[in-house]
There are 2 protein chains.
Amino acid sequence: MNSQEIVEKLRLELRRGALPLAVLAQLQEEHYGYSLRRELNQKGLEIDEGTLYPLLRRLEKQGLLTSEWRSDDKRKKRYYRLAELGQEVLESLIVEWRVLNDSIDAVLKEKK
Amino acid sequence: MNSQEIVEKLRLELRRGALPLAVLAQLQEEHYGYSLRRELNQKGLEIDEGTLYPLLRRLEKQGLLTSEWRSDDKRKKRYYRLAELGQEVLESLIVEWRVLNDSIDAVLKEKK
DNA sequence: CCACATACTATGTGATACACAGTATAGAGA
DNA sequence: TCTCTATACTGTGTATCACATAGTATGTGG
């Protein structure tokens with residue numbers, strides 16, 4: 001395994017944990033899977049379909065999201081938005097994110 | 001599963017990806033496992049022994065760290081420090097960390 | 001009419017943090 | 001001396017989850 005591959009793998013791990021946070025935060029506005037993916041992509045968070053859809057189902061199963069099949073134009077889409085529980089969880093997660101950031105900053109500050 | 005448990009699980013996932021980054025960054029100074037753990041704990045990054053030691057071995061196996069058994073005082077300890085490859089990887093990871101931060105900030109900024 | 005974007009589903013795999021348990025030494029206080 | 005705690009590391013099993021890959025199906029522009 002070369003250095004490039006190692007970095008790539010660590011990069012994936014790094015993003016992995018941040019995905020639920022990003023998804024929850026983004027779903028303060030209603031989105032369907034595809035538009036959510038586009039939105040996150042634009043903000044620099046590439047997320048595979050095979051990652052996003054199961055994640056959405058998982059978060060819904062946990063009661064953090066609600067969803068609804070609708071056909072606004074012609075196609076049927078599953079629209080997701082943050083549930084009340086999701087809002088609470090999101091707020092806690094944001095706090096955790098800040099804490100984590102401070103910790104990492106503390107480690108990086110020393111020598112960098 | 002209640003809201004508390006969900007948050008806790010997501011929190012773990014969040015930190016998970018950041019651990020290699022923190023470990024690599026901290027090992028710009030030499031440390032043995034125990035002192036490394038103490039150091040990270042102080043900075044707010046609690047890391048289990050069962051997580052840290054395997055992680056160290058993995059990073060060494062990938063050539064990012066070098067280690068050496070030594071008995072400075074009485075006890076024998078395995079001292080770790082960043083290898084040259086580790087330095088490169090660390091620098092890339094820091095860049096990725098900043099990118100991720102910007103992305104998350106972009107998502108959070110909208111409504112929070 | 002056909003290539004492409006859209007929109008979602010399904011399955012298998014590999015990586016890995018953590019739980020839990022175990023081994024062993026050193027130092028301090030009773 | 002005995003025991004307790006901190007130190008220091010190893011080993012095994014499990015659950016979770018992102019990703020790879022493939023498949024289904026519909027709308028749209030040329």
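Protein chains get the first letters and strands the later ones, always in sequence-line order, with residue 1 at the start of each.
- Separating the OH atom of A:Tyr53 from the P atom of D:dT24 is a distance of 17 Å, rounded to the nearest angstrom.
- Of the possible polar contacts, one joining the B:Gln28 side chain to the B:Ala25 backbone as a donor-acceptor pair under 3.5 Å is found.
- Looking at heavy-atom distances under 4.0 Å, B:Arg38 makes contact with sugar-phosphate atoms alone, never a base.
- Rounded to an integer number of Å, the gap from B:Leu56 CG to C:dT16 P is 14 Å.
- Remark: B:Arg37 pairs with no residue by the side chain to side chain donor-acceptor pair (under 3.5 Å) rule, at least two apart or across chains.
- Distance from the side chain of B:Glu13 is smallest to D:dC17 among C:dT16, D:dA8, D:dC17.
- Comparing D:dA18, C:dC8, D:dA8 by their nearest atom to the side chain of A:Lys77 picks out C:dC8.
- When the salt bridge (charged side-chain N to carboxylate O under 4.0 Å, His left out) test is applied to B:Glu8, the partners found at least two apart in sequence or on another chain are B:Arg11.
- Rounded to whole angstrom, the span from the CZ atom of A:Arg70 across to the P atom of C:dA7 amounts to 13 Å.
- For A:Ser35, the side chain to side chain donor-acceptor pair (under 3.5 Å) partners are A:His31, not counting sequence neighbours.
- Take A:Glu88 and apply the salt bridge (charged side-chain N to carboxylate O under 4.0 Å, His left out) test, not counting sequence neighbours, and it matches no residue.
- The nearest whole Å value for the distance from the CG atom in B:Leu52 to the C1' atom in C:dA19 is 16 Å.
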With the criterion being N/O to N/O and under 3.5 Å, what pairs connect the protein with nucleotides 19-23 of chain D, and how long is each?
| unit_1 | atom_1 | unit_2 | atom_2 | d |
| --- | --- | --- | --- | --- |
| D:dC19 | OP1 | A:Arg15 | NH2 | 3.0 |
| D:dC19 | OP2 | A:Thr51 | OG1 | 2.6 |

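- Between the P atom of D:dA18 and the NZ atom of B:Lys9 lies a distance of 10 Å, rounded to the nearest Å.
- In this structure, the nucleotide among D:dC9, C:dT9, D:dC17 sitting nearest to the side chain of B:Tyr34 is D:dC9.
- Look at CD on B:Glu60: it is 14 Å from C1' on D:dC9, rounded to the nearest Å.
- For B:Leu55, counting side-chain heavy atoms from C-beta on, the closest listed nucleotide (C:dA17, C:dA10, D:dC9) is C:dA17.
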Candidate pair A:Glu60 and A:Arg57, rule salt bridge (charged side-chain N to carboxylate O under 4.0 Å, His left out), full reasoning: CA-CA 5 Å; A:Glu60 182 176 19; A:Arg57 273 174 262 154; over 6 Å; no
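- Per the geometry, CH2 belonging to A:Trp69 stands 6 Å off C1' belonging to C:dC8, to the nearest Å.
- If you take CZ of A:Arg58 and P of C:dT9, they are 16 Å apart, rounded to a whole angstrom.
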Pairs under 3.5 angstrom only: tabulate donor-acceptor contacts from the side chains of residues 46-56 of chain B to other protein residues two or more places apart or in another chain.
| unit_1 | atom_1 | unit_2 | atom_2 | d |
| --- | --- | --- | --- | --- |
| B:Asp48 | OD2 | B:Gly50 | N | 2.8 |

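- Distances shown here put every side-chain N or O of A:Arg37 at or beyond 4.0 Å from the OP1 or OP2 atom of C:dT6.
- A close approach under 4.0 Å does occur between a side-chain nitrogen or oxygen of B:Tyr32 and OP1 or OP2 of D:dA8.
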